[in-house]
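Note that the structure is predicted; figures quoted are calculated from it, not measured.
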Amino acid sequence: MTRRKRLDLSSALARGEFVPYFQPLVDLRTGELRGCEVLARWVHPTRGIVLPDDFIPYAEESGIIAALSECVLSKAFEACATLNQTFVLSVNISPIQFRDPILSKRLSELSTRHRFPLDRVKVEITESTLLTNLADAQSISTQLKLLGVKLSLDDFGTGYSSLAHLQALPFDEIKIDRSFVSSMCCRRESMKIVAAVIGLGRSLGLTTVAEGIEESAQADMLRCLGCEVGQGWFYGRPVPIEELQAMLALSRPSSHRVGHTKQVPKQRITSFLEALPAARHAQLQAIYDGSPVGLCFVDRELRYVSVNQRHAQMNGAPAEAHLGRTVREMVPEPFYEKVVPYLTRALGGEAIHGVELERRDHIKGVKCATILSTYQPAQDENGEVIGVSVTVVDISDRKAAERALAESEDHFRHMVQLNPQIPYTMDPNGLILDMSPRWAELTGLTFEETCGRGWLRTVHPEDATTLVSKCLAAIKAAVQIDVEFRVLGRDKLWHWMRSRAAPRMDRDGAIIKWYGSVELIDDQKQAQEQLWASQLRLQTIIDTLPVGVVIAEAPSGRIIGRNQKAEAILQQDPLHFEQIGDYSRRVAYHRDGRRLESDDFPLAKAILRGQITDAEHVYYTFGDDVGKWLSLSGAPLKDRDGKIVGAVATIQELNGETSHLI
């Protein structure tokens, strides 16, 4: 190191140009602040902010590293002692400082001077610190622990990692190096290393901290793996003392998704992570063996990896005899030929439920058992199928005792398979959580592509804006969703769909989840279009007739259709007539002078009596006995069963002029 560089550092230290920056340490489950790491910065008069890599090595060489650290920590303790918050400060100690026998004394004096308790201080050391003299490191660590200081092993997993160091020193925490965190979502090796470090930390009762978190996907995966604390730009960049108060007041995201997989309930994650690995294994094994149904797991070569006692009994061999052997070896040939297609489909990623099979004695050829089975593909963190979980239930007794019910269930199962409805669930904000595999069959989208709002990519551009607007409005109002739209099918054709969903609420009225279904309605849409076309043709024909036409529904007699000729002849719109009793609002007379009551009109006779009336001449008045002579006739409209569903009447003027009744 040059004399010039040494003088620059000494002068900067004398001028107080070395300052602390603070980066948040966040609870990955809740998003709450757990503490801050104190990072040294050099506020250079011309170069601006200088990072530690550009001056710490020279400070160590020149022998001023202890003074520099005390300067930075003194300012950090002083700033944080006045804040009304109890968070931990994590400070870095260089290997040179950790060989200082009075390190604990120095920290104690700083703590007393600024009234910052040492039980809120965590010292981070790297494993290179322990290589030169482990005995000195143990002595200094013990002194720090007696003061209440916590110890953290920094950058674990790189350099000279040794489990002996974890055993030799009283660490409270291990930090996962950022190089593994940054690549864990794209490299399986990095993810597995991170998982192994987290598992090691939990087994030793140590807190695990992940550095370098820059994306939500990284935070979600770390949380799912059991990591407790996170640090990185995703939660906040290092800030100076002047911005510390504002940084502490920020709300930070809690990890609530697991990468690109489905949401994992908080209760399930919590209970899974509370136990140590050995305890979890014992718990799961007890559940596995105690299950009243047959369970097994086979790998991609259809070898038994695990099997419970119930399943082994069904195959007629001990559980130990299954392990490492193939399904073909353990299952009789005729039955193997039945199950292998389902296993093959499951290895292709298809989840198969409710498969009912009959097992026969391969020698006698007679039925001996009926089973109901499911085949669930198991995927690794990258979505690759690594095997199949098989569930088998012996339903022989139920089949024998309740044959009719079993047949009904079988029919129901086929009906469900042919049902056009596609069930789905959404989170409270309307993001798809789960969708029936039939959606993939229709659209070609995988489950991962469908989740969230991915399904919208199949919606017709003309329908998308209205569809989203209606769904968001229903979600905001917590009312049922009922929308129609077009989606692009696997066959490259647009299909009409109808989606309906209803919210499930908690006791406070907050939405827990949405449950709904999508139904293919191409046939209904086609029928509607044909009906509209027929109605248009019929209306066109009616409008061109030289006589007035009026159509009513049964049994009320409400007028539901008319042409313009009828409206012109009657000099009013008959659509105002809501029932048969309204027909006599305009006074009409028979030829013999008798007044027509409502049920005397031919339209009423057709509805009430099913009569087809001949043309009847009546005098229809418009007020003050001024009116027209009209010819009226009526006929009932019947459905296929002969039930009267309405009636039609024709109206024709006998002369074109108004006259008085004589």
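Taking the side chain as every heavy atom from C-beta outward, I213 and L28 approach each other to under 4.5 Å. At a threshold of 4.5 Å between non-hydrogen side-chain atoms, the residues I371 and I395 do not count as touching. At least one side-chain heavy atom of V327 sits less than 4.5 Å from a side-chain heavy atom of Y336. Side-chain contact between E484 and I521 is present, with heavy atoms from C-beta onward closer than 4.5 Å. Within the 4.5 Å cutoff, the side chain of L343 has heavy atoms near those of the V298 side chain. Using a 4.5 Å cut-off on side-chain heavy atoms (C-beta onward), M247 and P24 make contact. Between M426 and I481, the closest side-chain pair of non-hydrogen atoms falls below 4.5 Å. Using a 4.5 Å heavy-atom threshold, the side chains of I512 and M505 count as separate.
Defined by atom type and a distance below 3.5 Å, a donor-acceptor pair is missing between the side-chain atoms of Y342 and T344. Side-chain contact of Q379 with E384: a donor-acceptor pair under 3.5 Å is absent, judged by distance alone. Between the side chains of E173 and S152, at least one donor-acceptor pair of N or O atoms lies under 3.5 Å.
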* To do: Please test E214 against R178 for salt bridge (charged side-chain N to carboxylate O under 4.0 Å, His left out), starting from the C-alpha separation and ending with a verdict.
  => CA-CA 10 Å; E214 298 183 1; R178 66 179 65 248; 5.4 Å; no
Using side chain to side chain contact (heavy atoms under 4.5 Å, CB included), reason through I432 and Y424 one step at a time and then give a plain yes or no. CA-CA 7 Å; I432 292 294; Y424 63 86; 3.8 Å; yes
### Residues L225, M191; criterion side chain to side chain contact (heavy atoms under 4.5 Å, CB included); working and verdict
CA-CA 9 Å; L225 292 174; M191 190 283 298; 4.2 Å; yes
Steps toward side chain to side chain contact (heavy atoms under 4.5 Å, CB included) verdict (V181, I176): CA-CA 7 Å; V181 173; I176 305 170; 4.2 Å; yes
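Put simply, the side chain of Q313 never gets that close to the backbone of R310: no donor and acceptor are under 3.5 Å apart. In this structure, S436 contributes its side chain and P423 its backbone to no donor-acceptor pair below 3.5 Å.
Look at R498 and D482 and you find a salt bridge, because one of the NZ, NE, NH1 or NH2 atoms lies within 4.0 Å of a carboxylate O, short of that distance. Using a 4.0 Å cut-off between charged nitrogen and carboxylate oxygen, K175 and E37 count as a salt-bridge pair. A salt bridge does not link E228 with R223: none of the charged nitrogens is closer than 4.0 Å to a carboxylate oxygen. Between D299 and R303 a salt bridge is recorded (basic side-chain N to carboxylate O distance below 4.0 Å). E519 and R500 are joined by a salt bridge, as a carboxylate oxygen and a charged side-chain nitrogen come within less than 4.0 angstrom of each other.
Within a 6.0 Å radius of CZ in R490, more than 12 heavy atoms belonging to other residues, nucleotides or ligands are found. Heavy-atom neighbours of Q480 CD from other residues, nucleotides or ligands within 6.0 Å: at or below the threshold of 12.
Partners of R345 according to the salt bridge (Lys or Arg N to Asp or Glu O under 4.0 Å) rule, which considers only residues two or more places apart in sequence or in another chain, are E350. Residues meeting the side-chain contact (heavy atoms from CB on, under 4.5 Å) test with R34, sequence neighbours left out: D27, T207, V229.
Ring geometry for W455 versus W439: interplanar angle over 60°, hence perpendicular rather than tilted (30 to 60°).
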